[in-house]
*Asks:* 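I'd like to ask you about the structure that follows.
Chain A is the first sequence line, chain B the second, and so forth, proteins listed ahead of strands; every chain is numbered from 1.
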Amino acid sequence: MMASDPPVVSTPALAVWRSRSIGLLLLVAALAFLPPLLLASLWLKVLTGVAIYTLTAAAIALLYRRLGLVSLAHVALMGAGGWVGLRLAYGLGTPFEVNMLAGGIAAAGLGMVFAYPALRMRGLYLALVTLMIAGAFAIIVNVLQFPNGGGGWSGFAVKSAGYMPRPAIATSDVGYYAYCVVVTALGMALIHWHEIGKAGRAWALIRRSEAAAMSSGVDVPFYKVWAFALSGFLAGIAGVLLAGNLQMLDARSFPAAESVMIFALTIVGGAWNPVGALIAAALYRLVPALLNDFGVNGDAAYIIFGAALIHALATAPRGIAGQLEDLASRLFGRSNGGNTR
Amino acid sequence: MIEIDAVTVSFGGVTALNTLTVQLDAPVVGIIGPNGAGKTTFLNVLSGFVRPNSGRIHAFGRELTGMQPHQRAQWGLRRSFQKEQAVDELTVEDNVRVVLDSLPLSRDVVEDALTGALEFTGISAIRRRSVAGLNAFERRMTELARCVAGSPKLILLDEPGAGFSQSEVATLRSVINGIAETIGARTFLIDHDVDLIQATCQRTIVLDFGSLVTYGETASVLADPKVRAVYLGMEET
Ligand SMILES: Nc1ncnc2c1ncn2[C@@H]1O[C@H](COP(=O)(O)OP(=O)(O)O)[C@@H](O)[C@H]1O
Ligand SMILES: [Mg+2]
């Protein structure tokens, strides 16, 4: 059910991505440098959140698209990455980039642990297991709390709340926003680089049938674990970026329900297109903020998202990004280079 | 030489293979028998998807019995499935490349092997097309290209000809006939098309209810009254 069939028109997005790398660079640059000129600082923080959650959504989409796996634990993975990043920042005072990599690697390790149940189950059962892991994380972090500069193993002190330092080259809100856009773009490039290579081919066969993959020499467990590690790595990086954005993390910001929400929005946005991750993150961060701005309770967003998910599952399996793609090819003719069927 | 030594497979109450012992030594060996005879199960045991309850398998002096399916593939075993398994979202070329990915080959060797396999199966012209747009025969040939790429030792084909036209089967036939010489691999071929078996297989094995009915030269096997009795009243199309 949830692991829907791969849609037929999946290649155009890849082809577009490949042939227009310069355009993409320009797009990333525009995204990184234009909004700060136009927006007040409050909105810039929201947009930084959008950039960060784009990476999380891309990591979720990777697992869903390539292996048909539903992970409801990615916000927990972000939290785990953020925890490690904060701990290092306060404990050792290491540079932001080191903390970010360490957070990514820690979350990758955790992702590999999640992969273990995924080797045996799929679909709803796996989704439930990942949700339980997310729930367990929420409880653990409630007990431990996020490090805030205190002593001891957990680095938490009730009073002395310090701020996590940002990267030396991007301490201002404007600079940090651009930094997050660039890191997210690099993370998505890393996904893309995997997908067009050996790992992507192995994943495609696994998704088609594990028997076909094995009989083609693909080490199925290895590539499944690899997908989880990569996905966890990127979620962990996003977690450290989030810690840098807020300059602290709060145990209440990672409830298990948020993992469900961001997964649902990833499907709504479109898991088969990189733009889908951006749409998912924009819905996740912008819609509640906009509603608040209009004086409507931000929780109303949940109703809208629920309806959108039902719509996506029922009529638009490739999400909003897929619909936009269809619209574009209708408007501009069949311009996707021989991929018409 | 592929040696099958007392291989037994049972699924619950069904004995799909019953102490099968045979030594297969022809370039192309046909495997025939009525539906449910255990033909696919035999290929599954060879490729490692089904663990036999007892018995051993040796191929060219190497014991395969304990190896994982992907290890057998890397060793040189390839197979196609009764239901074709080409991947829609990849190009024809990438469908084949995946089998070379797991082999310790240099980039140049991979490209040569890829080109060789695509030419051998006659699909070079469509190598960059997405499999999603191909017809059933092109998809089958893509799968076959995956089987012949990377110097395999043994290729297992499960009803590759089912559902194709006369001329398509003729193409398939000439490809299978070229495997021994051009690719240098042995082939085991399951098919219900007796003409195809006759035109490609030097030797043929007949299974019925998981047991070996006979093994020998294809012409004499097909003329054997025992074999006719097995098929009596259940003429396949
Ligand atoms: N995975 C399985 N589980 C249970 N029974 C099976 C399985 N695979 C095959 N069988 C049974 O084993 C017998 C042989 O099947 P199979 O090898 O597919 O025959 P064939 O390919 O000759 O038509 C059949 O009775 C089939 O129902
Ligand atoms: Mg069969």
*Asks:* Is the side chain of A:Arg208 donor-acceptor paired with the backbone N or O of B:Ala86 at a distance under 3.5 Å, no angle test?
*Replies:* yes
*Asks:* With side-chain contact (heavy atoms from CB on, under 4.5 Å) as the test, would you mind laying out the steps for B:Glu89 and A:Arg66 before giving the verdict?
*Replies:* CA-CA 11 Å; B:Glu89 55 191 304; A:Arg66 285 296 152 211; 2.7 Å; yes
*Asks:* Between B:Val98, B:Val99, B:Asp101, which has the largest tally of heavy atom pairs under 4.5 Å with chain A?
*Replies:* B:Asp101
*Asks:* Does any backbone or side-chain atom of B:Ala149 lie under 4.5 Å from a heavy atom of chain A? Answer side chain, backbone, both or neither.
*Replies:* neither
*Asks:* Mind listing the closest non-hydrogen atom pair of B:Gln74 and A:Gly217 along with its distance?
*Replies:* NE2-O, 2.9 Å
*Asks:* Using non-hydrogen atoms and a 4.5 Å limit, figure out which bit of B:Arg146 sits close to chain A: side chain, backbone, both or neither.
*Replies:* side chain
*Asks:* Are there over 12 heavy-atom neighbours, none belonging to B:Phe60, within less than 6.0 Å of that residue's CZ?
*Replies:*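 Correct, the count exceeds 12.
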*Asks:* Name the one of B:His70, B:Gln68, B:Gln71 that satisfies side-chain contact (heavy atoms from CB on, under 4.5 Å) with A:Asp219?
*Replies:*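 So the option named by the test is B:His70.
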*Asks:* Identify which part of B:Leu77 has an atom lying under 4.5 Å from any heavy atom of chain A, answering side chain, backbone, both or neither.
*Replies:* backbone
*Asks:* Which atom names give the shortest non-hydrogen contact between B:Ala73 and A:Ser215, and what distance separates them?
*Replies:* CB-O, 3.5 Å
*Asks:* Quick one: do B:Glu93 and A:Arg201 make a salt bridge, cutoff under 4.0 Å?
*Replies:* no
*Asks:* For A:Met112, is the CE atom crowded, meaning more than 12 foreign heavy atoms sit under 6.0 Å from it?
*Replies:*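 No, not enclosed.
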*Asks:* Do other residues, nucleotides or ligands put more than 12 heavy atoms under 6.0 Å from the CZ atom of B:Arg51?
*Replies:* yes
